[in-house]
Amino acid sequence: MENMIETKDVIQSFPIAGGKELVVLKNINIQIPTGKLTMLRGRSGSGKTTLMNIIGCLDLPTSGTYALA
């Protein structure tokens with residue numbers, strides 16, 4: 001089955017005070033097959049919305065790749 005969405009080693013970080021970085025997503029690898037219902041769940045602050053913004057092409061990852069079929 002072909003994947004509709006695939007990410008490889010996606011990292012997302014944001015600059016914070018003091019010249020430091022806050023890493024929100026680290027090495028995220030997912031494969032979502034075409035035609036399958038997939039649920040994303042996790043604790044508050046775990047990066048769900050950040051990942052959905054990348055998958056939905058609203059934001060670019062700091063590094064890594066993603067593909068939409």
Side-chain angles (χ1 to χ4, degrees):
M1 181 175 282
E2 184 180 322
N3 291 323
M4 180 174 64
I5 299 171
E6 189 168 349
T7 68
K8 182 168 167 92
D9 298 325
V10 167
I11 296 173
Q12 182 70 306
S13 61
F14 300 99
I16 58 174
K20 298 182 180 182
E21 278 192 345
L22 174 64
V23 178
V24 179
L25 301 175
K26 186 175 181 182
N27 297 326
I28 302 298
N29 297 296
I30 59 172
Q31 296 177 340
I32 300 175
T34 301
K36 293 289 183 176
L37 177 65
T38 302
M39 181 176 71
L40 182 63
R41 67 180 193 159
R43 295 182 353 199
S44 176
S46 64
K48 299 177 302 293
T49 300
T50 301
L51 180 59
M52 291 303 295
N53 285 341
I54 291 170
I55 290 172
C57 300
L58 297 174
D59 201 1
L60 295 172
T62 303
S63 66
T65 60
Y66 65 99
L68 305 174

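Note that this is a predicted model, so its numbers are computed, not measured. Just the heavy atoms: all of them, side chains too, but no hydrogens, waters or symmetry mates, feed the values below.
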**Q** Minimum heavy-atom separation for I5 and L68, please, with both atom names.
**A**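 Closest approach of I5 to L68: CG1-CD2, 3.6 Å.
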**Q** Hey, what do you get for CD1 (I55) to CD (E6), rounding to the nearest 0.5 Å?
**A**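 Result: 11.5 Å between the selected atoms.
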**Q** Find out if a path of hydrophobic residues (ILVMFWY) with successive side-chain heavy-atom gaps under 4.5 Å connects V24 to I16.
**A**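 Yes, V24 connects to I16 through the hydrophobic network.
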**Q** Any side-chain hydrogen bond (donor to acceptor under 3.5 Å, both in side chains) involving residues 32-42? Give me the pairs, sequence neighbours left out, ordered by first then second residue.
**A** none
**Q** Is the side chain of N29 donor-acceptor paired with the backbone N or O of D9 at a distance under 3.5 Å, no angle test?
**A** yes
**Q** To the nearest 0.5 Å, how far apart are NZ in K8 and CD in Q31?
**A** 9.5 Å
**Q** Output all residues satisfying side chain to side chain donor-acceptor pair (under 3.5 Å) with E21, sequence neighbours left out; order by chain, then residue number.
**A** S13
**Q** Quick check: are there more than 12 heavy atoms from other residues, nucleotides or ligands sitting under 6.0 Å from NZ of K26?
**A** no
**Q** Does K48 reach the main-chain N or O of G42 with its side chain, forming a donor-acceptor pair under 3.5 Å?
**A**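 Present.
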**Q** Evaluate side-chain contact (heavy atoms from CB on, under 4.5 Å) for N27 paired with I11, printing each intermediate quantity in order.
**A** CA-CA 5 Å; N27 297 326; I11 296 173; 3.6 Å; yes
**Q** Check step by step if side-chain hydrogen bond (donor to acceptor under 3.5 Å, both in side chains) holds for Q12 and N53.
**A** CA-CA 11 Å; Q12 182 70 306; N53 285 341; over 6 Å; no
**Q** Run L25 and I54 through side-chain contact (heavy atoms from CB on, under 4.5 Å) and show every step you take.
**A** CA-CA 11 Å; L25 301 175; I54 291 170; 3.9 Å; yes
